[in-house]
Protein chains: 2
Amino acid sequence: MKTPTRNRRAEILEAAADLFAARGFHGVSIEDIGTAVGVSGPALYRHFNGKEALLTEMLLDISERLHEQGARLATTADPDTAEAALDALLSGHIEFALTHPALIRVHERELDNVPEQARRAIRRLQRLYVEEWVTVLSELHPACPPARLRAATHAVFGLLNSTPRSAGELAPEAMAGLLHTMARAALSRL
Amino acid sequence: MKTPTRNRRAEILEAAADLFAARGFHGVSIEDIGTAVGVSGPALYRHFNGKEALLTEMLLDISERLHEQGARLATTADPDTAEAALDALLSGHIEFALTHPALIRVHERELDNVPEQARRAIRRLQRLYVEEWVTVLSELHPACPPARLRAATHAVFGLLNSTPRSAGELAPEAMAGLLHTMARAALSRL
DNA sequence: GGAGTCTGTTAATGATGATTAACATCCGAG
DNA sequence: CTCGGATGTTAATCATCATTAACAGACTCC
C-alpha cells in the first residue's frame with residue numbers, strides 16, 4: 001500500500017487549510033480536521049507530528065510555491081520587458097489567489113503560530129518573493145526608493161489578496177480582470 | 001471612585017485589541033488580557049460579560065466609527081465634488097488604519113468569533129460603510145455595474161488595510177501619501 | 001460610622017483539546 | 001503462511017481556559 005498514502009497527507013492539508021481559513025488555527029481542533037477527512041482525531045499523528053507541524057508544512061508549501069512562481073515569472077533583466085514581467089507577476093499571483101483563497105488567507109494570518117525556526121524560513125521565502133516584485137518595479141520606477149517600492153508591493157498584495165473577502169461578488173474571470181487593472185493602475189504612479 | 005472607572009474599560013479594550021491583533025482571539029486568554037492591564041484574570045468580568053462580549057463591543061465600536069466617519073465624509077450628492085468626497089473617504093480610512101492598526105486587523109479577522117446576533121449588526125454597519133464608497137464611486141463611474149464597484153471597494157480596503165503588515169517600512173506620513181496615491185490610481189480605472 | 005456599590009483577589013468547576021498508549025487491521029514481501 | 005509496516009481506533013493523560021464562587025478592601029453618601 002504505497003500509492004493511497006500519498007493522498008491522505010494532501011487531503012488532510014487541504015481540509016486543514018479550509019478549516020484554518022474559516023475559523024483560525026486555534027479555532028480548529030485536531031478532531032475537527034480528522035472528521036473533515038473521514039478519520040477521527042489521533043489518526044492524523046500517523047501523517048504529521050502535530051498541529052503546528054501541519055501548519056508549518058502548509059505555510060512552507062505556500063511560500064515556496066509563490067516564491068518559485070515569482071522567480072520563474074520575473075526572470076527579466078531587461079527594462080523593455082519589465083512591463084511584461086510585472087503583468088506576469090500580477091497574473092500569477094491573481095491566479096493563485098483566486099484558485100486557492102483558503103491558502104492565501106492562512107498564509108496571511110497564521111505565521112505567528114508557526115514555531116520560531118520554521119517561521120524564519122517562511123519569512124525568508126516571503127521576503128524573497130517581495131524582492132522579486134521590487135526588482136521588477138525598480139526598473140519601472142528607477143527614482144523610487146526601495147523602501148517605498150516594498151511598501152507598495154505589500155499594499156498591492158493586500159489588494160490582490162482581498163479575494164477571500166469579496167468572494168462570490170463577481171465571476172472569477174471578471175474578478176481577475178478587475179484586480180489586474182486596479183493593481184496595474186496602483187503601481188503605475190509611484 | 002467614578003473617574004478611574006471610565007478608564008478600565010477603555011484600557012481593557014485597548015490591551016485586548018493589541019493582543020487579539022497579535023495572536024488572534026483564540027490565542028489570547030482572559031488571564032493574558034488581565035495581566036496586560038495590571039489586574040489578574042477574572043477581574044475582567046466586573047467590566048465585561050465575557051470574552052465574546054469584549055470582542056463584540058470592540059468590533060461594534062470599530063464598525064460604528066468607520067460607518068459614522070464614512071457617512072460624514074461622503075455627504076455629497078454632487079458629481080462635481082464626488083472627487084473630493086472620494087479623497088475625503090480615502091484620507092479618513094487611511095488615517096484610521098495608520099492610527100489604529102490593531103483595530104483594523106481585528107476588524108478584518110475576528111468577525112467569525114462574534115455571536116450570531118451581534119455579527120449581523122456588525123455586518124450591517126460594514127455593508128453600509130461599503131455602500132457609502134459605492135455611492136461615491138458610482139458618480140465617478142456611472143457605467144460601472146454596482147457589483148464591480150463593490151468588489152473594487154473591497155479590494156481598495158485590502159490595499160489600505162495592508163498597513164499592519166508593512167508597519168515600520170515607511171514613515172506614517174509617507175505611507176499615508178503612498179496609500180492615497182495608489183488607491184486613487186486603482187479606483188481611477190474601473 | 002455604617003450600608004452599599006465597585007473592583008479586585010484567590011480557589012473551585014467543567015470543558016475542551018493536544019498528545020500518547022495500547023490495541024486492531026490490512027496488505028504486500030519473502 | 002506469516003512478519004512487518006502503514007493506518008486506524010478508542011481510552012487515558014495532562015494542560016489550558018473560560019467562567020463562577022466566596023471573600024475583602026475602598027470609597028461614597030447618608
Side-chain angles (χ1 to χ4, degrees), chain A residues 1-59 106 110-119, chain B residues 1-59 106 110-119:
Chain A
M1 194 185 273
K2 283 172 183 174
T3 28
T5 302
R6 286 178 201 151
N7 299 334
R8 267 297 186 241
R9 283 181 67 86
E11 256 185 282
I12 292 170
L13 283 168
E14 203 179 316
D18 289 341
L19 288 169
F20 289 164
R23 308 209 295 267
F25 182 70
H26 294 294
V28 175
S29 74
I30 288 283
E31 186 66 35
D32 290 335
I33 304 173
T35 301
V37 299
V39 305
S40 248
L44 301 197
Y45 287 83
R46 298 296 176 196
H47 302 277
F48 297 92
N49 285 327
K51 208 181 161 190
E52 282 191 337
L54 206 166
L55 178 66
T56 299
E57 179 159 333
M58 194 182 308
L59 289 187
V106 173
E110 308 293 0
L111 184 57
D112 293 329
N113 295 310
V114 169
E116 180 60 19
Q117 195 189 351
R119 201 182 325 160
Chain B
M1 193 188 272
K2 284 174 183 172
T3 27
T5 302
R6 286 181 201 148
N7 300 333
R8 268 294 187 245
R9 280 181 68 85
E11 259 185 277
I12 292 170
L13 282 168
E14 203 180 316
D18 289 341
L19 289 170
F20 289 164
R23 310 211 295 266
F25 182 71
H26 293 294
V28 175
S29 73
I30 288 283
E31 185 65 35
D32 290 335
I33 303 174
T35 301
V37 300
V39 305
S40 246
L44 299 198
Y45 286 82
R46 297 299 176 194
H47 304 277
F48 297 92
N49 286 326
K51 208 182 163 188
E52 282 191 338
L54 206 166
L55 177 67
T56 298
E57 179 158 333
M58 193 183 307
L59 290 187
V106 173
E110 308 292 359
L111 183 57
D112 292 330
N113 295 309
V114 168
E116 180 59 16
Q117 195 190 348
R119 201 183 323 161

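A, B, ... follow the sequence lines: proteins, then strands. Residue 1 opens every chain. Scope of the values below: all heavy atoms of this structure, side chains included, with no hydrogens, waters or symmetry mates. Not measured: the values here are computed from a predicted model.
Taking CD of A/E110 as the reference point, atom OG1 of A/T56 lies at 11.5 Å (rounded to 0.5 Å).
By the side-chain contact (heavy atoms from CB on, under 4.5 Å) test, B/D18 pairs with B/A102, sequence neighbours left out.
Rounded to an integer number of Å, the gap from B/H47 NE2 to C/dC6 C1' is 9 Å. In this structure, CZ of A/F48 is placed 16 Å from P of D/dA6, rounded to the nearest angstrom.
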Next item on the list: Starting from the C-alpha separation in whole Å, work towards a yes-or-no answer on side chain to side chain donor-acceptor pair (under 3.5 Å) for B/D32 and B/S29.
Entry: CA-CA 5 Å; B/D32 290 335; B/S29 73; 3.2 Å; yes
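Within a 6.0 Å sphere centred on CD of B/E14, heavy atoms belonging to other residues, nucleotides or ligands number 12 at most.
Although no hydrogens or angles enter the test, the distance criterion places no donor-acceptor pair under 3.5 Å between the side chain of A/R23 and the main chain of A/V28.
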Margin query: One character per nucleotide, please: for nucleotides 9-19 of chain C, 5' to 3', B when the base has a protein heavy atom closer than 4.0 Å, S when only the sugar-phosphate does, - otherwise.
Written below: BBB-----SSB
